[in-house]
Amino acid sequence: EQPRSHPTIDITFSTDEGYVFDARIVAPTHTDRNGFGVLLLGGGYGNDLNWTVPGSMEIEGALQPVTINGESHADAPIIANALVECGFVVMLYSTIRHNDPRGGDWPGGVTVYPLKDQLRIAQAALTAFRRQGLFERGDVFLLGHSLGAVRAANIAAEDADISGLVLMGAAQVTRTAADDRGRNMNLPDARTYLTQADSGDDGTVNSAEFSAWSTARDNDSSPALADQSFDQLDFDDDGQLRTWEISAGLARRHRAQFDSTTLSPNDPSGLLWTEDIISRRSDLPTFVLYGSLDNAQAHHAPIVGDLISAGKWKQVQCTVLP
């Protein structure tokens with residue numbers, strides 16, 4: 001079913017450097033508004049207004065699929081319309097500045113900004129959203145996707161008026177190793193272990209395969225995941241282990257050996273770690289959402305679940321969609 005259309009307001013906003021960006025506000029009728037606003041923060045190192053994702057891209061001279069079905073799609077309007085149906089006023093914005101000298105269609109030849117600059121663009125977008133007077137200053141949620149979730153958390157670290165966070169497919173939420181450089185540090189080992197255990201060669205590991213693999217590694221001087229059962233690793237309870245769940249199991253082992261006094265408060269881009277922000281802001285309701293096919297970022301979900309189960313993140317809810 002196609003979402004019904006809603007009134008939109010197209011605006012522009014500027015950063016301190018004088019760069020101008022486009023934004024669009026989608027709003028319910030006055031009688032349907034719930035009093036809250038939602039700012040959508042796109043992922044990666046930039047996004048167009050609609051979060052357009054190409055079906056495929058040329059990568060290292062070869063055409064590679066980007067989406068699951070190979071078809072392009074635009075996610076921001078879908079998310080915005082769903083939120084507007086619930087009474088929220090929503091703003092989406094582009095990180096492609098006016099008169100970009102590199103120009104071109106997203107995600108081709110546009111200028112890409114460092115993450116700290118992306119944070120400043122997001123903060124300018126939030127300021128412009130608030131100036132529209134469509135909700136009280138403190139009645140705004142931030143919904144961030146992937147690296148946009150990192151930006152959302154860093155805004156909340158400085159802005160006590162943020163009502164809550166929604167982090168979708170969030171990157172760099174938790175440290176995967178003591179020297180985490182903003183990547184899944186355990187991905188190579190996780191892929192190796194999955195290949196070893198996957199006797200059915202279907203890209204996943206079931207309970208019987210995991211048991212056989214664990215038994216075969218009993219004589220290893222440092223058996224991988226020996227301290228975690230299949231059920232502990234099967235975070236989404238679907239009877240299969242995927243790369244992201246094995247990555248999380250390895251991260252658990254690393255995190256058990258962390259010396260918190262030596263951990264850097266900043267990720268490699270210079271932004272604060274999301275897990276430190278959420279731990280510090282116990283007043284900030286946060287919803288963390290991943291998909292079970294997301295081998296890029298879902299490895300954070302089990303660690304988030306551990307923090308919730310330990311009572312450290314009482315204000316957080318985490319869901320993995322099948």
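Note: hydrogens, waters and symmetry copies are ignored here, and every other heavy atom, side chains too, is used. No experiment lies behind these values; they were computed from the predicted model shown.
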N/O donor-acceptor pair under 3.5 Å between [X] side chain and [Y] backbone:
| X | Y | result |
| --- | --- | --- |
| Gln232 | Ser229 | yes |
| Asn206 | Ala208 | yes |
| Asn295 | Arg242 | no |
| Gln297 | Tyr290 | no |
| Asp198 | Asp202 | yes |

### Task
Check step by step if salt bridge (charged side-chain N to carboxylate O under 4.0 Å, His left out) holds for Asp22 and Arg24.
CA-CA 7 Å; Asp22 290 321; Arg24 176 168 297 153; over 6 Å; no
### Query
If two hydrophobic side chains count as joined below 4.5 Å and joins carry through other members, does Trp51 share a cluster with Phe88?
yes
### Task
State plainly whether one hydrophobic cluster holds both Phe129 and Leu165, where clusters connect Ile, Leu, Val, Met, Phe, Trp and Tyr through side-chain heavy atoms under 4.5 angstrom apart.
yes
For a quick test of your reading: what N or O donor-acceptor pairs under 3.5 Å do the side chains of residues 271-278 make, sequence neighbours left out?
| from | atom 1 | to | atom 2 | distance (Å) |
| --- | --- | --- | --- | --- |
| Trp273 | NE1 | Asn266 | O | 3.2 |
| Glu275 | OE1 | Arg255 | NH2 | 3.0 |
| Glu275 | OE2 | Arg175 | N | 2.7 |
| Glu275 | OE2 | Arg255 | NH1 | 3.1 |
| Asp276 | OD1 | Arg175 | NH1 | 3.2 |
| Asp276 | OD2 | Arg175 | NH2 | 2.8 |

Side chains of [X] and [Y]: does their closest heavy-atom pair fall under 4.5 Å?
| X | Y | result |
| --- | --- | --- |
| Asp100 | Tyr19 | no |
| Val140 | Asp161 | no |
| Val304 | Val316 | yes |
| Asn186 | Arg252 | no |
| Ile25 | Val89 | yes |
| Arg151 | Leu142 | no |

### Task
Working to the nearest 0.5 Å, report the span between NE2 of His300 and CG of Leu167.
11.0 Å
### Query
Checking side chain to side chain contact (heavy atoms under 4.5 Å, CB included) against Leu49, which of Leu92, Thr95, Ile96 comes through?
Leu92
### Query
What do the steps show when you test Asp267 against Ser269 for side chain to side chain donor-acceptor pair (under 3.5 Å), and what is the final call?
CA-CA 5 Å; Asp267 69 15; Ser269 69; 2.6 Å; yes
#### Entry: CZ/Arg280: more than 12 non-hydrogen atoms of other groups inside 6.0 Å
yes
### Task
Give a yes or no on whether Leu63 atom CG has more than 12 heavy-atom contacts from other residues, nucleotides or ligands under 6.0 Å away.
yes
### Message
Under 3.5 Å, is there a donor on one side chain and an acceptor on the other for Arg120 and Tyr113?
### Response
no
### Message
Evaluate Arg130 against Asp159 for salt bridge (charged side-chain N to carboxylate O under 4.0 Å, His left out), listing each step before the verdict.
### Response
CA-CA 13 Å; Arg130 281 172 165 157; Asp159 190 333; 2.7 Å; yes
### Task
Would you mind listing every side-chain hydrogen bond (donor to acceptor under 3.5 Å, both in side chains) that reaches into residues 313-322, with sequence neighbours excluded?
Ser279-Trp313
### Query
Can a salt bridge be assigned to the pair Asp139 and Arg33 using a cut-off of 4.0 Å between side-chain N and carboxylate O?
no
### Message
Quick check: closest heavy atoms across Tyr93 and Leu41, and the distance to 0.1 Å?
### Response
OH-CG, 3.9 Å
